[in-house]
Colleague: 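Structure provided below as structure tokens; questions to follow.
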Amino acid sequence: MKPEYAIIVKNKTRLESLIERFNTKAQAQFYIESSGGNFREYVEEHERFYQSFMEVQTRLSKVIKNKVVEKEFVPSYIFSEKNLIIVIGQDGLVANVAKYSKHIPIIAINPDEERYDGVLLPFTAKNFLNGVNAVINESYRIKKMKFAEAVLNDGQKLLAVNDLFIGISSHSSARYKIMLNGKEEVHSSSGIIVSTKTGSTGWLSSIFNMAYGILGSKKLGYPTMNKEDLYFAVREPFKSIRTQTEICGGKLKKGNKLIVESLMPNNGFIFSDGIEQDFLQFNSGATAEIKLSDEEAVLVMN
């Protein structure tokens, strides 16, 4: 179906968040500079973002009707099959939006190529209309992004484009039983990261970077994954009389499942793609089945 309306999704800049915190730009500047920080960096980042944003909005308005939705409202926003989604921001914003997109094409724009890697941002403010016109003409190329999925024993489900975190909402240890391929262990750790191929250059890579730093070399090598693989890593597992550390990481092929049973009386949770507000409670009595989801998002390519 041809889109009739474009939804532009954006996030607040760091400067806007600072002004919210300190009430005025002047007070925010005073706080940052009195702490030895570079306030000009926040200003330049903000100005560069809005330069791109205004260019996108102006050019898009000549092609299709549109409106802006802030990131914080995306989880409750109901996208329609008559929509086209325009995301302008960092890579993480694409992941945040994708799990609510319901197969609607996403055109992702990098507003600042000097600051953002743009792994999930194939377009810029200069060329994004190529993608818009391709979608309108139903002749666009796509990249399908697979989700990781956590399903609780009570039927609740959470999707992730980049990664799931299973753990505890504090700096204390997460306690749980982990089961894989018929083996099981009791763990005390800082939680479990489960990454998709899309997210493997993010949080998962930082875990490997930490290991490289400790070992002093790249003996491990980053995992090679295809789009239907998941990879899990247990963060800082502790070995004791009652806890084990043999099931600490590995690839989950399509059809394979990781089962995690919570042993935490409270504060246990599962969240996805770095959004702590979008979570499942994961306390004693809850069991989570982690696997590749049948659902996927559609990213338009340049």
Side-chain angles (χ1 to χ4, degrees), residues 2-29 32 37-80 82-98 100-101 104-137 140-143 161 273-275 297-302:
K2 290 187 177 182
E4 298 177 2
Y5 214 98
I7 308 299
I8 305 173
V9 182
K10 61 177 281 293
N11 197 8
K12 295 171 185 173
T13 64
R14 292 189 300 161
L15 178 60
E16 287 173 314
S17 296
L18 278 174
I19 292 172
E20 278 190 359
R21 178 182 172 190
F22 294 105
N23 297 317
T24 68
K25 182 177 178 181
Q27 286 178 305
Q29 181 175 0
I32 295 297
N38 180 7
F39 186 72
R40 186 61 198 167
E41 169 64 19
Y42 293 86
V43 174
E44 290 176 354
E45 179 186 63
H46 175 86
E47 291 175 348
R48 182 69 188 90
F49 172 82
Y50 273 97
Q51 180 182 346
S52 292
F53 174 72
M54 293 304 295
E55 182 174 357
V56 166
Q57 197 171 31
T58 300
R59 298 180 70 196
L60 184 64
S61 296
K62 296 176 182 178
V63 176
I64 189 172
K65 294 182 292 185
N66 61 85
K67 71 175 181 179
V68 178
V69 174
E70 294 286 342
K71 172 191 170 183
E72 61 189 297
F73 299 112
V74 168
S76 59
Y77 189 84
I78 300 175
F79 291 102
S80 162
K82 295 180 180 180
N83 290 153
L84 167 63
I85 301 175
I86 309 286
V87 175
I88 178 166
Q90 298 185 49
D91 294 89
L93 184 58
V94 179
N96 297 156
V97 172
Y100 305 105
S101 64
I104 298 167
I106 299 172
I107 293 175
I109 300 169
N110 189 339
D112 193 339
E113 293 178 275
E114 294 182 2
R115 285 185 172 84
Y116 308 142
D117 291 341
V119 176
L120 298 178
L121 305 168
F123 294 97
T124 68
K126 302 297 183 186
N127 65 11
F128 81 98
L129 281 183
N130 294 340
V132 172
N133 289 323
V135 172
I136 291 173
N137 295 326
Y140 55 98
R141 296 189 306 113
I142 64 170
K143 172 184 177 181
V161 175
D273 299 325
I275 306 178
V298 177
L299 185 67
V300 178
M301 302 305 293
N302 189 11

Colleague: Can you list the steps and then say if His46 with Tyr42 is a ring pair (Phe, Tyr, Trp, His ring centres under 6.0 Å)?
Modeller: CA-CA 6 Å; His46 175 86; Tyr42 293 86; over 10 Å; no
Colleague: With the threshold set at 4.0 Å, does a side-chain nitrogen-carboxylate oxygen contact exist between Glu113 and Arg48?
Modeller: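 Result for this pair is no, no salt bridge flagged.
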Colleague: What distance separates Ile64 CD1 from Asn133 CG, expressed to the nearest 0.5 Å?
Modeller: 9.5 Å
Colleague: Nearest 0.5 angstrom please: Ile19 CD1 to Thr13 OG1, how far?
Modeller: 7.0 Å
Colleague: Return the set of residues passing side chain to side chain contact (heavy atoms under 4.5 Å, CB included) with Ile8 (not counting sequence neighbours), or none when no residue passes.
Modeller: Phe53, Gln57, Leu60, Asn66, Val68, Ile86, Ile88
Colleague: Evaluate the criterion side-chain contact (heavy atoms from CB on, under 4.5 Å) for residue pair Ile104 and Val298; output intermediate values, then yes/no.
Modeller: CA-CA 7 Å; Ile104 298 167; Val298 177; over 6 Å; no
Colleague: Ring pair (Phe, Tyr, Trp, His ring centres under 6.0 Å): which pairs involve residues 111-137, sequence neighbours left out?
Modeller: none
Colleague: To the nearest 0.5 Å, what is the distance between CD1 (Ile106) and CG (Asn83)?
Modeller: 11.5 Å
Colleague: Can you tell me how far OG of Ser52 sits from CG of Asn110, rounded to the nearest 0.5 angstrom?
Modeller: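 Reported to 0.5 Å precision, the distance equals 8.0 Å.
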Colleague: Could you report the tightest heavy-atom contact between Tyr5 and Lys67, atom names first, then the distance?
Modeller: CE2-N, 3.6 Å
Colleague: Between Val300 and Pro122, which heavy-atom pair has the shortest distance, and what is it?
Modeller: O-CG, 3.4 Å
Colleague: Looking only at heavy atoms, which two atoms of Asn11 and Glu16 are closest? And how far apart?
Modeller: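 Closest heavy-atom pair between Asn11 and Glu16: O-OE1, 4.4 Å.
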Colleague: Which pairs pass salt bridge (charged side-chain N to carboxylate O under 4.0 Å, His left out) with one or both residues in residues 117-134, sequence neighbours excluded?
Modeller: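 Salt bridge (charged side-chain N to carboxylate O under 4.0 Å, His left out) check on residues 117-134 returns Glu55-Lys126.
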Colleague: For Ser17, give me all partners under side chain to side chain contact (heavy atoms under 4.5 Å, CB included), at least two apart in sequence or on another chain.
Modeller: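 Only Lys12 meet the side chain to side chain contact (heavy atoms under 4.5 Å, CB included) criterion with Ser17.
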Colleague: Just jot down the salt bridge (Lys or Arg N to Asp or Glu O under 4.0 Å) partners of Lys10, sequence neighbours excluded, or say none.
Modeller: Glu70
Colleague: Please name the pair of heavy atoms, one in Asn96 and one in Asp273, separated by the smallest distance, quoted to 0.1 Å.
Modeller: ND2-O, 3.2 Å
Colleague: Of all heavy-atom pairs between Phe39 and Ala28, which one has the smallest distance, and what is that distance?
Modeller: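 Shortest heavy-atom separation between Phe39 and Ala28 comes out as CE1-C, 3.9 Å.
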Colleague: Taking the side chain as C-beta and beyond, is there a heavy-atom pair between Val94 and Asp91 under 4.5 Å?
Modeller: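 When only atoms from C-beta onward are counted, Asp91 and Val94 do not touch, as no gap falls below 4.5 Å.
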Colleague: Going through the distances and angles, do Tyr100 and Tyr77 end up as a side-chain contact (heavy atoms from CB on, under 4.5 Å)?
Modeller: CA-CA 8 Å; Tyr100 305 105; Tyr77 189 84; over 6 Å; no
Colleague: Enter the distance from Glu41:CD to Arg115:CZ here, rounded to the nearest 0.5 Å.
Modeller: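 Glu41 atom CD to Arg115 atom CZ measures 4.5 Å (nearest 0.5 Å).
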Colleague: Look up atom OH in Tyr140 and atom CD1 in Ile107, then write down how far apart they are to the nearest 0.5 Å.
Modeller: 9.5 Å
Colleague: Please name all residues satisfying side chain to side chain contact (heavy atoms under 4.5 Å, CB included) with Ser76, sequence neighbours left out, ordered by chain then number.
Modeller: none
Colleague: Looking only at heavy atoms, which two atoms of Leu15 and Val43 are closest? And how far apart?
Modeller: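 Closest approach of Leu15 to Val43: CD2-CA, 4.2 Å.
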